[in-house]
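Scope of the values below: all heavy atoms of this structure, side chains included, with no hydrogens, waters or symmetry mates.
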Amino acid sequence: MFRKFLNISLIITLAFSVVLAQSTTTTKSPSVDRLREHVTYLASDKLTGRRTGTTGADEAAQYVAEQFAKLGLRPGSQPSRSGKSRATDWRQYLQPFPYVAGVELGEDNLLSSTLTPSNLRTGEDWMPLGLSSNGKVNAPAVFVGFGITAAELNYNDYAGIDTANKIVVALSGTPDGDNPHGQFARYEDVRWKAIAARNAGAKALVVIARENNFKDDRLSRLSYDNAGDAGIPVAAISKQEVVRLIPGSTLSDLEFASREKTHSSINKTAVKVSLTIRLIRQDVPAANVIGILDGSDPVLKNEAIVIGAHYDHLGHGGAGSLAPKEGEVHHGADDNASGTAGVLEMARLLSAERPRRTVVFIAFSGEEEGLLGSNYYVNHPVVPIENTIAMINMDMIGRMKNNRLTVGGVGTAEQFRQIVADANSGQRMKVTAREETPATTAAIVSGTRPVSMPIVVGANGKTVVSLDHVPTIDLTLNEDGFGPSDHSSFYAKKVPVLFLWTGTHEDYHKPSDTADKIAYEDEARILTLVTRVIHEIDDADKRPTYTVAKAQAPGRATGFRVYLGTIPNYADSTDGMLLDGVREDSPAAKAGLKAGDKIVKLAGREVRNVYDYTSALGEMKAGQEYEVEVMRANERVKLKLTPAERR
């Protein structure tokens, strides 16, 4: 009896030593304290929400650069060299890219009519909008309700109204009122009203403010969304002064006419209006932050793995914010100080190990404005994009709930699904004194099923000690390499990508996304998974094999009835919408569209930017052929495109 007990004890000791040896391949673990320190600073009031182009974003960039410098990473601006790098200034870690932070009023902005003895007061009675084109218009004014056209809803405020060469006046908002989930929700933005006005032949648009005090209205403050100008002058006017443009009508009269579709009675008397808008664009510095860990292998160091996250957020609100009012600091602890802290921790861990391949750590800016920083990087990479073998993007990894993590992009390389599953496999030793038969070994390719591996077998062939491999995190795997974050820029260049995300929450894009709500222990567990993924990729002699991933739903409905398969570039534009990519076997691909094409006309509509493109898309029908015109290598090319039904 004693001998048998002694043998089992010895077996357990030996088995435990095997488990311990296998579980200590990584000498360092992610630090919860360091993660908390990074997020607390980046999400502090001091950095004022890190809006791209602001002082707060500049200070965040400096912080990340100084952390890279402390770790001895080579700045992105320095060429590779043998030996120890010389001391560098933190600014050498920056990769500047062009950015328009906003607009300011120029001279001679004016709004007047034949009913006003003098010009209305700019900033008090009316205000040009940041999306406006510069220009001067003298034309009659007509009322167009909410100024919305929505083919999919069979709704058109312009029906039966002659708006050609007129200045159109529209109500703010939509027929849904204050319901953010109504059927017209996506038409709330003034850009859609401007597109509808331009498509109707109007020369300018004036939108009526909602608030009684004009200065309290969002439209009274100049803001810019980096999507280019609207193609026509656009302004806002106070609800009290609208009678200067539409005589004899109060705001209540206009709202009633809009509901009852009695515009004709409102527009019986047209007033001549003069509108001049002069805006000056504010070009300011913006930058990605790049630190490079050169590989240790003399051959494989020419290949690179990119680890990235965006450090910008929404500043004091405005465009992109889900807060009811502007002004409060949007701290962005989860979005995306959590991912930026993850990049810094990965840099600390990997710099102590010296992987065989070069690792490029990037904190992107301009993500909230449309992936501006990552798009700039893939077109100006510090390591040739064809030598970039994988990109791992961490965007909102700080609020894991119920042990769940979404990993996107597993279909972008043949090996990724297995790599992620192996990286997510924990170890648990099981001792069976009665020598029970082992559980059937199960495949762990899904990343969710355990594997029981016998490590000690009795004389009768039955398992005494087994090592169970169990998933450490409950993963939701997504095939697609495209999505609303920086990895999409890389996948458009045929780089395999992985995207880690813990999901949205009630504080998303609100001031309440603060550092105290981050689950730092869980984030450290996610980074352990990322570390293992990096090791798996780096340990393999062969680079991951790029594959065309299955397109999957992005998680929220687009509201469109048709699907084209284009990957738009969201950067500022006034001369067409650039395509970063085209999904294979999609309607766009079949039509002959290619990455690098700039769509200038679609379905008979002029396209200046992504908003114009989206508006045209909303009017298209599945199965019907349309003409699309693109600029390709300075040549205007006409193609035929047939949209598919969105499923």
Side-chain angles (χ1 to χ4, degrees), residues 227 306-310 335-336 339 362 364 366-379 381 385 388-397 405-414 416-417 420 475-501 503-504 544-560 562-571 573 577-591 593-599 609-610 613-614 617 641 643-647:
V306 172
I307 302 176
H310 74 91
D335 185 17
N336 186 33
I362 310 178
F364 300 105
E367 191 271 353
E368 299 288 2
E369 278 78 14
L371 317 185
L372 303 182
S374 58
N375 183 267
Y376 185 85
Y377 175 83
V378 298
N379 289 292
I385 204 69
T388 302
I389 68 168
M391 188 272 179
I392 297 175
N393 180 32
M394 295 177 285
D395 194 347
M396 296 177 62
I397 58 169
L405 173 70
T406 296
V407 180
V410 295
T412 64
E414 289 181 2
F416 272 178
R417 187 176 285 269
V420 171
L475 300 182
T476 298
L477 303 182
N478 186 296
E479 295 275 332
D480 207 347
F482 288 115
S485 191
D486 291 307
H487 60 285
S488 187
S489 299
F490 286 80
Y491 188 55
K493 297 291 186 180
K494 297 188 175 182
V495 176
V497 298
L498 288 173
F499 168 51
L500 289 87
W501 181 57
T504 190
T545 307
Y546 167 84
T547 58
V548 178
K550 177 183 176 183
Q552 292 184 235
R556 57 180 182 270
T558 63
F560 298 120
V562 300
Y563 164 73
L564 300 187
T566 56
I567 311 300
N569 181 300
Y570 293 93
S573 174
M577 189 197 73
L578 182 67
L579 294 182
D580 280 343
V582 174
R583 292 186 184 275
E584 296 193 17
D585 201 35
S586 66
K590 293 175 182 177
L593 288 167
K594 302 176 182 180
D597 284 348
K598 181 172 285 188
I599 296 178
N609 51 46
V610 70
Y613 167 81
T614 304
L617 190 67
L641 182 148
E645 184 178 358
R646 181 172 291 279
R647 301 183 185 279

If you measure from CE on M577 to OH on Y613, what distance do you get to the nearest 0.5 Å? 5.0 Å
Nearest 0.5 Å, what's the OG1-CD1 distance between T388 and I385? 4.0 Å
Looking at CD1 of I389 and OG1 of T545, how far apart are the two atoms once the value is rounded to the nearest 0.5 Å? 10.5 Å
Which heavy atom of K594 sits nearest a heavy atom of D597, and at what distance? N-OD2, 2.8 Å
Taking every heavy atom of A588 against every heavy atom of T566, the minimum-distance pair comes out as CB-CG2, 3.6 Å
Qualifying residues under side-chain hydrogen bond (donor to acceptor under 3.5 Å, both in side chains), relative to T412, sequence neighbours excluded: none
Centres of the F364 and Y376 rings: under 6.0 Å? no
Can you check whether V610's main-chain N or O pairs, donor with acceptor, with T614's side chain at less than 3.5 Å? yes
Could you check whether any side-chain N or O of N336 sits under 3.5 Å from a backbone N or O of H310, counting only pairs where one atom can act as donor and the other as acceptor? yes
Is there a side-chain contact between E368 and D335, using heavy atoms and a 4.5 Å cut-off? yes
Using a 6.0 Å cut-off, check whether atom NZ of K494 has over 12 heavy atoms from anything other than its own residue. no
Would I307 and M394 satisfy side-chain contact (heavy atoms from CB on, under 4.5 Å), going step by step from the backbone distance to the final call? CA-CA 8 Å; I307 302 176; M394 295 177 285; 3.8 Å; yes
Quick one: pull up CG in D580 and CZ in F482 and give me the separation to the nearest 0.5 Å. 8.5 Å
Kindly indicate, with the supporting measurements, whether the criterion side-chain contact (heavy atoms from CB on, under 4.5 Å) is fulfilled by N393 and V497. CA-CA 8 Å; N393 180 32; V497 298; over 6 Å; no
Roughly how far apart are L578 CG and I567 CD1, rounded to 0.5 Å? 12.0 Å
Give me the atom names and distance for the closest heavy-atom approach of S489 to S374. OG-OG, 2.9 Å
Minimal heavy-atom distance between V582 and L593, with the atoms involved, is CG2-O, 3.7 Å
Partners meeting salt bridge (charged side-chain N to carboxylate O under 4.0 Å, His left out) with D395 (sequence neighbours left out): none
Nearest 0.5 Å please: distance from the CG atom of D480 over to the OH atom of Y491. 7.0 Å
For the student: nearest non-hydrogen atoms of A549 and G481, plus distance: CB-N, 4.1 Å
So do D585 and K590 actually touch side chain to side chain, heavy atoms under 4.5 Å? yes
Within the structure provided, determine whether R583 and V548 are in side-chain contact (heavy-atom separation under 4.5 Å). no
If you compare all heavy atoms of P544 against all heavy atoms of A413, which two are closest, and at what distance to 0.1 Å? CB-CB, 3.8 Å
